[in-house]
Number of protein chains: 2
Amino acid sequence: MKKKAATGMHGDCGPKHLAIKDTMELLSGKWKIQIIGALMRNGTMRFMDLLREVDGIAAKMLSKELQELEINELVKRTVCDTKPITVEYEMTTYGRTLEKVIAELAHWGELHRKRIFKKSK
Amino acid sequence: MKKKAATGMHGDCGPKHLAIKDTMELLSGKWKIQIIGALMRNGTMRFMDLLREVDGIAAKMLSKELQELEINELVKRTVCDTKPITVEYEMTTYGRTLEKVIAELAHWGELHRKRIFKKSK
DNA sequence: GTAACCAGTTTCCTTCAGGAAACTGGTTAC
DNA sequence: GTAACCAGTTTCCTGAAGGAAACTGGTTAC
């Protein structure tokens, strides 16, 4: 018989780890969250905007990550009939549901940074 | 002048992306969240318990991940003077502050799974 | 016609995460 | 003394992630 600790976690820990895994896979990698962050902050952005704003990313990576985000319907891609053609990227309504998750990640990260900072002095 | 979208995100987006990056780095990799999950569900666990519970992990990986989690003070390691010696791992109080983050990841992941499921039929 | 801008793609290369299996070193039960 | 359990470590290997740079293909401004 396994010990059950008072973790505060609510019942049914069934496929929850799969759900977590899914989310992590969607967000993992060096760039996805940064791209999402840029799009959430700035609204609609073109490819070149993103290339400039996401610090250090290469065109290949940006292209690849945007494709993945589009496939997962987090980001919408719109080709504009301008000269020269431009392409607009923005978060989908669905993509915006990630805001809470990202806010939590940011919030905890800030606590952690404060903690690390205190230690170091 | 850059467009500011109504993201619901609150002011100061300064080093926030660093905070997010920190959190992601701490949780990234194939195993960390699974280990944390196991410890949160079961309370105190020994090395062998974890090896059995975390499906598919190899001893090397478990050892390495636990070291990293310990360094970051998310997990506490206690050597028990039993025969043969056993080692207990448990979440620290600090580690438990991750609960909300993980709950958000799980919650979003479940929504996402439902969405994928709907599409597929 | 040539330089510059847009939105990528392709190629080639390096690094690192992670896996399998063997090995260490101690303890106990028989 | 030998088999089994604990808690790892070491070695060797592979595949995927990611970076740099060159290339494509179209359009416009000069």
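When reading the values below, keep in mind they use all heavy atoms of this one structure, side chains included, and skip hydrogens, waters and symmetry mates.
When side chains are defined from C-beta on, A:K60 does not count as touching A:L62, because their heavy atoms never get closer than 4.5 Å. Residues B:V75 and B:E90 fail the side-chain proximity criterion, which asks for heavy atoms closer than 4.5 Å. Under the 4.5 Å side-chain criterion, counting only non-hydrogen atoms from C-beta, B:I35 is in contact with B:I57. A:M40 has its side chain within reach of A:E99: a pair of non-hydrogen atoms, C-beta onward, lies under 4.5 Å apart. Here the side chains of A:K114 and A:F117 are not in contact, with every heavy-atom distance at 4.5 Å or above.
The distance between atom CE of B:M61 and atom P of D:dT14, rounded to the nearest whole Å, is 17 Å.
Contact record, A:L27 with B:M24: O-CE, 3.7 Å, taken as the closest heavy-atom pair.
Residue contacts shown for B:G29 are limited to sugar-phosphate atoms, with no base heavy atom under 4.0 Å away.
Contacts of residues 62-82 of chain B with DNA chain C (heavy atom under 4.0 Å): none.
Both key distances under 3.5 Å define a Watson-Crick or G-U pair, and stretches of 3 or more such consecutive pairs in DNA chain C run C:1-30 with D:1-30.
Cation-pi check for B:R46 over B:Y89 is not met; the charged atom does not lie both under 6.0 angstrom from the ring centroid and within 45 degrees of its normal.
Under the 4.0 Å criterion applied to side-chain N and carboxylate O atoms, A:R115 and B:E73 are assigned as salt-bridge partners. Of the charged side-chain nitrogens involved, at least one lies within less than 4.0 Å of a carboxylate oxygen, so that A:K32 and A:E68 count as a salt-bridged pair.
Residue whose closest nucleotide on DNA chain D sits further toward the 5' end, between A:I57 and A:P84: A:I57. Comparing B:K60 and B:K83 along DNA chain C, the residue whose closest nucleotide (by nearest heavy atom) sits nearer the 5' end is B:K60. Residues A:A59 and A:K32 each lie close to DNA chain D; by heavy-atom proximity, the contact nearer the 5' end of the strand is made by A:K32.
B:D22 places no side-chain N or O within 3.5 Å of a backbone atom of B:A19 that could act as its donor or acceptor partner. Of the possible polar contacts, none joining the A:T44 side chain to the A:E88 backbone as a donor-acceptor pair under 3.5 Å is found.
Between chain A and DNA chain C, the heavy-atom contact criterion of under 4.0 Å yields a 5' to 3' nucleotide range of C:dC6 to C:dT11.
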